[in-house]
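Handing you a structure now.
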Protein chains: 2
Amino acid sequence: MGVIRALVVDIDGTLSDQNRVLCPSALQALRRLKVPVVLSTGNTHCFTRTVSVLLGTPRIFIAENGGVLSYSEDEMEILADLKVCEDAFEKLAAEFPLQKYNSARYRFTDIALQRTFDAKAADKRAQELGLPVEVIDTTYAVHIKDKRIDKGTGLIRIAKRMNIDLGEFAAIGDSNSDLPMYRLAGFRASVGNAGPELKQDSDYVAKAEYGNGFAEIINYMNEKGMF
Amino acid sequence: MGVIRALVVDIDGTLSDQNRVLCPSALQALRRLKVPVVLSTGNTHCFTRTVSVLLGTPRIFIAENGGVLSYSEDEMEILADLKVCEDAFEKLAAEFPLQKYNSARYRFTDIALQRTFDAKAADKRAQELGLPVEVIDTTYAVHIKDKRIDKGTGLIRIAKRMNIDLGEFAAIGDSNSDLPMYRLAGFRASVGNAGPELKQDSDYVAKAEYGNGFAEIINYMNEKGMF
């Protein structure tokens, strides 16, 4: 196990509680960290930028499940196509009771939906129809996203820009949308509320849930001399 | 002194430190509060909404110095005119080295500028030119805002919507942009880093600065049985 030079960290359910409220223990753990933290989320650029301001993390982050990357306060890259998601939305809305979140006005590439329908069935249907999208449930929202991007494709570009090897990243998350970055990182850890698939792919699973789990993971990594 | 039924609270410098990072003590104080907290800031709707998600405060808040109000997740009201600010920006940019912040893409009514020029002189000049704007320095950014709105005009509408008397609000802040809400609230308290004008208008001034000052104010209000 090499030295970890950066973290890539999910927000909802990993730094926040089940109501999306930030856990004080996670905030404190972040403030003690000496390595850069790349936030990685399905949420919008504007949401993620705000979180990075409040947490004091760099303005380099992954938003919209990899559809939007921020490299600095001034530089943003859009890597996915809202149009394919809009087309898929229209087709799927004929068969499933889809309801968009209001954050739509701030989204560039992906569509966030309320969890009012069977996301797995909708994804299956999208694949049957040959749509170039995925329908994923992060347990906070369901996203229709361009198939070509995910948190992993985002991490590859971010790591290159930071000049840090993928294997020098530790990935921390709670939902299946984090799997593509787990496959790339040198170390993966999940909070206690993570799903079984993610836990199985983890090098360490916190006993504590949500932000307390994140703080536990940082303690563990410190104790193991990973930084 | 009547009972306080709601707080109206500035963000930058009041809940955050000088680098705009959230103070853990402020987060913890917020989580213990039993009354609703209305965030009130010069920042954008999207920024403020995100802060309300992370802090667990209601989606009723004042953004863009009163130019944009949110009443719920689904309802937003725009009360000021970006065009008058854009016109003023063009006129003032001929005389002052104005530099917009990148958050411009998320702004509806006001222009946020980097603090690279004399804001007082620019405001004086705007008044000489008879422009219908104010130029205000919050110590985090300089704003060109529609003169007809401020955090006070925002609070009046929000209070009405919440069916809470203005006198039942406590206002907590750190900069002159908070003065218009101080003039309306039943109780005003300032963090230790607040400017002299604001401190003079305060019923209580915290010894501690930034988020620690906010936590001190909440403790003080609790001790005095104000809730």
Side-chain angles (χ1 to χ4, degrees), chain A residues 11-33 37 39 41 43-59 63 68 70-76 78 99-108 112 114 140-141 210-211 215, chain B residues 11-33 37 39 41 43-59 63 68 70-76 78 99-108 112 114 140-141 210-211 215:
Chain A
I11 299 173
D12 279 333
T14 301
L15 300 175
S16 76
D17 67 17
Q18 61 274 51
N19 298 317
R20 309 184 68 203
V21 176
L22 186 62
C23 299
S25 55
L27 178 59
Q28 277 158 333
L30 279 167
R31 287 164 68 104
R32 283 193 300 264
L33 271 173
V37 173
L39 298 172
T41 174
N43 223 307
T44 61
H45 172 272
C46 184
F47 183 97
T48 316
R49 181 189 165 276
T50 304
V51 177
S52 79
V53 169
L54 289 196
L55 301 184
T57 59
R59 297 300 176 271
V68 178
S70 169
Y71 297 115
S72 71
E73 193 67 82
D74 301 315
E75 197 183 354
M76 174 201 219
I78 294 178
Q99 272 189 282
K100 283 188 195 182
Y101 269 109
N102 256 37
S103 65
R105 70 166 72 88
Y106 299 120
R107 284 196 176 266
F108 295 94
Q114 296 185 35
Y140 288 86
Y210 302 104
Chain B
I11 300 173
D12 279 333
T14 301
L15 300 175
S16 76
D17 67 16
Q18 60 272 52
N19 298 318
R20 307 184 71 204
V21 176
L22 186 62
C23 299
S25 54
L27 178 60
Q28 277 157 333
L30 280 167
R31 287 163 68 104
R32 282 193 301 265
L33 270 172
V37 173
L39 298 172
T41 174
N43 222 307
T44 61
H45 172 272
C46 184
F47 183 97
T48 316
R49 183 191 164 274
T50 304
V51 177
S52 79
V53 170
L54 289 196
L55 301 183
T57 60
R59 298 300 177 272
V68 178
S70 169
Y71 296 115
S72 71
E73 193 68 82
D74 301 314
E75 197 184 354
M76 173 201 219
I78 294 179
Q99 271 189 282
K100 283 188 195 182
Y101 269 109
N102 256 38
S103 65
R105 72 165 72 89
Y106 299 121
R107 284 196 176 268
F108 294 95
Q114 295 186 37
Y140 288 86
Y210 301 104

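Below, chains carry the letters A, B, ... as their sequence lines are ordered, and counting in each starts from 1.
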Checklist entry - From R105(A) CZ over to M76(B) CE, what is the distance, rounded to the nearest 0.5 angstrom? => result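 Reported to 0.5 Å precision, the distance equals 4.5 Å.
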Checklist entry - disulfide (SG to SG under 2.5 Å) with C23(B): which residues, sequence neighbours excluded? => result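 C23(B) satisfies disulfide (SG to SG under 2.5 Å) with no residue once adjacent residues are dropped.
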Checklist entry - Quick one: CG on L54(B) to CD1 on I11(A), what's the gap to the nearest 0.5 Å? => result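 The CD1 atom of I11(A) is 7.5 Å from CG of L54(B), to the nearest 0.5 Å.
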Checklist entry - Measuring heavy-atom distances to chain A, does L27(B) have an atom under 4.5 Å in its side chain, in its backbone, in both, or in neither? => result side chain
Item to check | Non-hydrogen atoms of R31(B) and L22(A) that approach each other most closely | outcome: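 Taking R31(B) first and L22(A) second, the nearest heavy atoms are NH1-O, 2.9 Å.
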Checklist entry - Hey, does F47(B) have a side-chain heavy atom less than 4.5 Å from the side chain of R49(A)? => result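 A side-chain contact under 4.5 Å exists here.
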Item to check | Pairwise distance OG1(T50(B)) to CG(N43(A)) - rounded to 0.5 angstrom | outcome: 7.0 Å
Next on the checklist: Tell me every residue that passes salt bridge (charged side-chain N to carboxylate O under 4.0 Å, His left out) with R20(B), counting only those two or more places apart in sequence or in another chain.
Outcome noted: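 Per chain and number, R20(B) pairs via salt bridge (charged side-chain N to carboxylate O under 4.0 Å, His left out) with D12(B).
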